[in-house]
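Have a look at the structure below, then the notes.
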Amino acid sequence: MKTIVILFAGTAGEYAYAPVFDGKSAAERALAWAEKVPGADTVAVLSMPSQTSLHSLSAEKLSFKRIEQEKWTVSLLLKTIAEISSGFDAIVYGFVDAPFYSDEITANLLETFKKYGAEYCFADGYPAGLAPEIIHHDTANILAGLAKDNDSPVTRTSIFDMLKIDINAFEIETEIAPKDLRSLRVSLYCGTKRDALQCERLYSLYSAEKSDNKDICSIIESSADVLRTLPAFYAVQVASACKGTCTFCPYPKAYQDRFGVNVASSAEFMSVEKFRGIVDKISSFSDDAVVSLSLWGEPLRHKDLPELVKVVLEKPGLSVLIETTGENLTVQTAQQIAQAASSATPRRNGQQPVIWIVDIDAADENMYKSLHGNDGFVSAVQAVEVLLPLFKDAVYPQFLRMQENELHMEPFFRYWKEKCGKAIIQKYDSFSERLVQRKVADLTPVHRNDCWHIRRDMSILINGDVPLCKEHIFDNICGNIFKDKIEDIWQKGLETFKCHMNHEYKGLCKNCDEYYTFNF
């Protein structure tokens with residue numbers, strides 16, 4: 001079976017060419033794998049002229065070609081794949097920044113592809129980046145036709161996304177993993193600092209244990225260092241005050257107990273310069289994170305909120321999340337933030353520059369007042385209406401599901417789904433049973449997973465203190481972002497994560513019901 005291997009490099013950055021795998025880069029390892037693909041005759045790399053690091057790469061044993069385009073779109077990708085695969089029986093498609101493509105899985109996929117006369121073949125249940133996709137030349141031609149007007153940028157899932165348009169029209173076969181590891185959300189590509197670090201750590205363990213023939217998937221699911229790399233979500237408190245009347249929030253009482261002041265009358269705000277220092281540290285540590293301005297307090301009370309947004313958007317890998325009740329949102333403030341978002345370059349993390357969540361939690365004023373303790377329902381609804389035309393596909397009305405408002409959930413969802421296309425239904429959090437338990441349904445998994453928040457989140461209080469997680473509010477401090485290195489602060493949470501992997505849950509973790517919820 002005559003085969004062409006096509007490696008897409010259009011999204012590959014600096015981490016793809018770093019020689020961290022015993023002197024070889026991810027790109028070099030991907031090319032070495034390509035040369036061992038059964039029946040492979042040609043290797044083609046699809047790249048951009050600006051990617052000069054690729055110029056030194058070539059295949060030693062196979063015919064090699066490099067195709068460059070100033071900008072790759074889904075349409076151009078599939079058109080190119082269809083053209084260069086003419087005369088080949090199978091197309092093996094992957095990415096140049098994938099250092100762990102498996103020879104065995106690839107061979108199995110090709111055997112299945114040939115045996116069953118498949119038009120498309122993929123591996124299911126393995127971590128992303130461990131197996132390529134197999135495509136028939138005729139399928140590539142069909143997909144090129146379907147994508148002829150698709151000018152969206154190429155992603156890791158572009159091929160399968162096009163197949164899904166009419167998935168029943170194709171003969172698709174799969175290679176099923178012995179154990180489904182998709183829930184670990186592991187990405188074995190060197191596309192971001194986080195993923196590259198994950199690959200580097202995995203390689204070190206894999207090399208050390210290779211003599212024992214330990215399966216790479218077993219290494220992944222058993223290693224805390226591989227699973228917990230860098231934060232993807234930073235929740236920063238920029239204002240101390242809020243109305244302080246929500247019945248489902250522990251912050252007002254915690255603030256009163258800690259400082260002896262009613263949170264509604266507090267007036268602490270993080271300065272723009274201090275916030276800039278935090279963002280600089282975040283950007284250098286995690287170059288593709290989402291920064292929330294809404295850890296505690298109402299961010300719209302901060303008079304320099306548009307400036308804080310601009311500070312985050314100066315970093316091309318970072319996005320902003322603002323969760324608010326909508327109080328005091330003015331058209332001017334919304335427009336200033338919208339201008340900052342529209343002026344920002346596309347985010348390298350794949351997110352919108354600015355994302356809004358508006359807490360409404362009810363379908364009418366009476367229920368809102370019983371939960372929030374104030375008359376903010378109209379201002380919350382108006383906030384969504386102000387934001388919708390300014391932030392396309394980035395405004396989410398939110399409903400916190402509780403026993404009190406359960407009958408409001410369906411009308412809430414129907415109304416906002418029709419009005420803005422999306423809405424968030426959030427589970428109730430009792431903060432390790434410090435609040436009255438009001439959850440309607442038990443959503444906990446059958447088997448407890450390692451906490452996503454310990455693995456991927458960092459919470460930063462207005463004074464710079466960093467608690468182990470949001471659930472601790474002011475306690476269990478791992479360090480201070482203004483005084484300590486962010487690397488050292490993050491490292492403090494590793495021991496707790498290892499305990500979770502060993503099914504040991506101490507302190508608040510024992511009764512916590514948030515471990516399976518996920519931010520970014």
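Just so you know, these numbers come straight off a predicted model, no measurement behind them.
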What I want to find out is whether [X] reaches [Y] closely enough, with some N-O distance under 4.0 Å, to be called a salt bridge.
X    : Y    : answer
K115 : E173 : no
R228 : D450 : no
D22  : R29  : no
K79  : E83  : yes
K498 : E504 : no
D287 : K193 : no

Self-check item: S319 side chain to V290 backbone, donor-acceptor under 3.5 Å
Solution: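 No; zero donor-acceptor contacts below 3.5 Å.
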Quiz item: Does F497 offer a backbone N or O that forms a donor-acceptor pair with the side chain of R455 under 3.5 Å?
Solution: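 Checked: no pair found.
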Quiz item: Taking atom CG of D103 and atom CG of N108, what is their separation to the nearest 0.5 Å?
Solution: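 Nearest 0.5 Å value for the CG-CG distance: 11.0 Å.
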Distance-only donor-acceptor pairs under 3.5 Å for side chains of residues 117-129, two or more places apart:
unit_1: E119; atom_1: OE1; unit_2: E171; atom_2: N; d: 2.6
unit_1: Y120; atom_1: OH; unit_2: E133; atom_2: OE1; d: 2.5
unit_1: D124; atom_1: OD1; unit_2: R182; atom_2: NH1; d: 3.1

Quiz item: Is it true that F95 and Y93 have ring centroids separated by less than 6.0 Å?
Solution: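 Ring-ring flag for F95/Y93: true, centres closer than 6.0 Å.
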Quiz item: Is the H453-Y515 ring centre distance short of 6.0 angstrom?
Solution: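 Not under 6.0 Å, so no.
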Exercise. Locate the shortest heavy-atom distance separating V312 from R347; write the atom from each residue and the value.
Key: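 Scanning both residues, the minimum pair turns out to be O-NH1, 4.2 Å.
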Quiz item: Which heavy atom of H137 sits nearest a heavy atom of F88, and at what distance?
Solution: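 Residues H137 and F88, closest heavy atoms: CB-O, 3.7 Å.
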Practice problem: Answer with yes or no whether the side chains of T444 and D442 bring together a donor and an acceptor at under 3.5 Å. | Solution: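 Present: a donor and an acceptor within the cut-off.
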